[in-house]
Amino acid sequence: MELTEVRERANEVLDEIERAVVGKRESLELVLLGFLADGHVLLEDYPGLAKTLAARSFAQVLSIRFTRIQFTPDLMPSDVTGSSIWNQREADFEFRQGPIFTNLLLADEINRAPPKTQAALLEAMQERQVTIEGFTHRLDPPFLVIATQNPIEYEGTYPLPEAQLDRFLLRTAFGYPARADEVEVLGRRIERESDDVELRPVVDHETLLAMQAAVERVHVAESIREYCVDIAVGTRASQSSAVGASPRGSLALLKLARCRAALQGRDYVVPDDVKGVAVPALAHRLVLRPELWVQRVSAEDVVREVLDTVPTPRAEDVGPRVTS
């Protein structure tokens, strides 16, 4: 697939999803960037802001298998991965796949399940496989996770540990819609006379994999690679950070910047691509110093401060090399 086709298909996908999720093009584009980079997305936002709707809409438009797991305090790891059941007819144990065997998994309110159940996702998210009772089961590509959590109502929840947060390629939020967009939502609901929004498939399973493969051909100059590393190093050196972004963070910058370049119609990455994805790619990987919590300093603020201080590569150093 050519990169021009990736851009066209991506815009068609976003246009169709905006029929259901109104006025959130930028956030939807970030989610799609995560999918094109074959990564997982964490949506952290208040209730009722279309997190579940967005996940279901992406599954419909991308024509991939979709499973939702409602994480609760009594959810067991086997409820996620599956387990072996005794088959009386065969006189042997038979493995029954859990909901994790899908293409797009919605882990709804992931922080309401205990750490043991949260950890059931770790191997699948990183290795694309599940090991149960000594047997390894591969997950069919693509395997993508959208996890949601509520930034309020922390009572009775189990915050995600840093090791699991680091497995998410990016974290984003939708936020409350603008007044005009919310009025549009009400108008569309009246017109269709139903709560459900029927979306048409835009790409199929194979096309999505082809789009993922195509973005691997986006050129990344050495200066851009150094820029990604300098930003990650800057978060580690920041006086506000107790723990900065790991090399997985700089890799996330690289992958998301490539996808953003493709959606912008370029076959090479520019500094603005890196800056455009730096906050969602890095902020959730930082651990701030405890004394900053009372000063209302956020991880997003720290990443933006690093972006302001790290020198930006020159324009002539970022384009693809032209050979005669």
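When a residue number appears, it is its place in the shown sequence, counting from 1. Keep in mind that the numbers below use all heavy atoms, side chains included, and drop hydrogens, waters and symmetry copies.
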Please check if Ile17 and Leu263 belong to a single hydrophobic cluster, counting links between Ile, Leu, Val, Met, Phe, Trp and Tyr side chain heavy atoms closer than 4.5 Å. yes
Under the criterion side chain to side chain contact (heavy atoms under 4.5 Å, CB included), which of Val306, Val302, Leu286 is the partner of Ser240? Val302
Does Asp166 reach the main-chain N or O of Ala163 with its side chain, forming a donor-acceptor pair under 3.5 Å? no
If you apply the rule side-chain contact (heavy atoms from CB on, under 4.5 Å), what do you find for Leu169 with Leu256, and how did you get there? CA-CA 8 Å; Leu169 190 66; Leu256 289 170; 3.7 Å; yes
I'd like to know if Arg25 pairs up with Glu29 as an ion pair, taking the criterion as any Lys NZ or Arg NE/NH1/NH2 lying under 4.0 Å from an Asp or Glu carboxylate oxygen. no
Phe95 and His137 aromatic centres sub-6.0 Å: yes
Has the side chain of Ser241 got a donor or acceptor atom that lies under 3.5 Å from a matching backbone atom of Ala237? no
Any Lys/Arg nitrogen of Asp108 or Arg68 sitting under 4.0 Å from an Asp/Glu carboxylate oxygen of the other? yes
Show the numbers, then the answer: is there a side-chain hydrogen bond (donor to acceptor under 3.5 Å, both in side chains) between Glu123 and Thr131? CA-CA 8 Å; Glu123 181 185 13; Thr131 302; 2.7 Å; yes
Rounded to the nearest 0.5 Å, what's the gap from NZ on Lys275 to CG on Asp308? Could you check? 8.0 Å
Heavy-atom donor-acceptor pair, Gln118 side chain to Tyr158 backbone, under 3.5 Å: yes
Test log, rule side-chain contact (heavy atoms from CB on, under 4.5 Å), inputs Leu62 and Val13: CA-CA 7 Å; Leu62 298 175; Val13 167; 4.0 Å; yes
Assigning hydrophobic clusters by single linkage (Ile, Leu, Val, Met, Phe, Trp, Tyr; side-chain heavy-atom cutoff under 4.5 Å), is Phe143 placed with Leu106? no
Are Arg192 and Glu198 close enough, and set up right, to give a salt bridge (charged side-chain N to carboxylate O under 4.0 Å, His left out), and what steps lead you there? CA-CA 10 Å; Arg192 65 175 179 266; Glu198 292 295 331; over 6 Å; no
May I ask you to decide whether Arg128 forms a salt bridge with Asp38, counting only side-chain N to carboxylate O separations under 4.0 Å? yes
When you check the gap from the basic side-chain N to the acidic O, do Glu2 and Arg7 get nearer than 4.0 Å? no
State yes or no: do Leu32 and Leu28 share one hydrophobic cluster built from I, L, V, M, F, W and Y residues joined by side-chain heavy-atom distances below 4.5 Å, directly or via other members? yes
Interatomic distance, CE@Met1 vs OG1@Thr207, rounded to 0.5 Å, equals 5.0 Å
Between Arg19 and Glu16 (salt bridge meaning N to carboxylate O under 4.0 Å), is one present in this structure? yes
Checking the side chain of Thr117 only, and the main-chain atoms of Ala113 only, is there a donor and an acceptor separated by less than 3.5 Å? no
For Gly34 and Val41 the tightest heavy-atom approach is CA-CG2, 4.4 Å
Please give me the minimum heavy-atom distance between Arg65 and Thr102, naming the atom from each residue. O-OG1, 3.1 Å
Under 30°, 30 to 60°, or over 60°: which ring-plane class applies to His40 and Phe168, parallel, tilted or perpendicular? perpendicular
Would you say the side-chain atoms of Arg289 pair up with the backbone N or O of Gln239, donor to acceptor, closer than 3.5 Å? yes
Charged N to carboxylate O below 4.0 Å: is that the case for Arg189 and Asp196? no
Return the minimal non-hydrogen interatomic distance between Ala299 and Ala283, and the atom names on each side. CB-O, 3.2 Å
If we check side chain to side chain contact (heavy atoms under 4.5 Å, CB included) with Arg260, which of these qualifies: Val277, Val215, Val269? Val277
Would a distance-only check, ignoring hydrogens and angles, find a side-chain to backbone donor-acceptor pair under 3.5 Å from Arg236 to Ala245? yes
Check the side chains of Ser78 and Ser83 for a donor-acceptor pair under 3.5 angstrom, ignoring hydrogens and angles. no
As an exercise, state the distance from CG of Leu282 to OG of Ser246, rounded to the nearest 0.5 Å. 9.0 Å
Would you say the side-chain atoms of Gln212 pair up with the backbone N or O of Phe35, donor to acceptor, closer than 3.5 Å? yes
CG-CD1 distance between Leu144 and Ile64, expressed to the nearest 0.5 angstrom: 5.5 Å
If we ignore hydrogens and angles and just use 3.5 Å, is the side chain of Asn103 paired with the main-chain N or O of Pro142 as donor and acceptor? yes
side-chain contact (heavy atoms from CB on, under 4.5 Å) between Glu184 and Arg179, worked out: CA-CA 9 Å; Glu184 178 69 16; Arg179 181 180 182 277; over 6 Å; no
Between Arg304 and Glu300, is there a side-chain N and carboxylate O pair less than 4.0 Å apart? no
Quick one: closest heavy-atom pair of Leu288 and Ser298, and the distance? CD1-C, 3.6 Å
Which heavy atom of Pro114 sits nearest a heavy atom of Pro73, and at what distance? CD-O, 3.4 Å
Verify, without hydrogens or angle tests, whether Asp45 (side chain) and Gly175 (backbone) share a donor-acceptor contact under 3.5 angstrom. yes
Closer than 3.5 angstrom, by distance alone: can the side chain of Ser27 be matched with the main-chain N or O of Lys24 as a donor-acceptor pair? no
Give the C-alpha distance, both sets of side-chain angles, the deciding distance and a yes or no for side-chain contact (heavy atoms from CB on, under 4.5 Å) between Val61 and Val203. CA-CA 7 Å; Val61 176; Val203 301; 5.9 Å; no
Whether Asp273 and Arg266 form a salt bridge (side-chain N of Lys/Arg under 4.0 Å from carboxylate O of Asp/Glu) is what I want to check. yes
I'd like to know if Val218 and Leu30 are part of one continuous hydrophobic network [Ile/Leu/Val/Met/Phe/Trp/Tyr, side-chain heavy atoms within less than 4.5 Å]. yes
Report yes or no: do Ile231 and Val229 belong to one cluster of Ile/Leu/Val/Met/Phe/Trp/Tyr joined by side chain heavy-atom distances under 4.5 Å? no
Has Glu26 got more than 12 heavy atoms of other residues, nucleotides or ligands less than 6.0 Å from its CD? no
Nearest-0.5 Å distance that lies between atom CG in Asn111 and atom CD in Gln149: 4.5 Å
May I ask you to decide whether Glu162 forms a salt bridge with Arg285, counting only side-chain N to carboxylate O separations under 4.0 Å? no
Just how far is it from atom CD1 of Ile146 to atom CZ of Phe58, taken to the nearest 0.5 Å? 6.5 Å
Nearest heavy-atom neighbours spanning Ala120 and Ile100: O-CD1, 4.3 Å
Between Glu109 and Gln70, does any side-chain donor sit less than 3.5 Å from a side-chain acceptor? yes
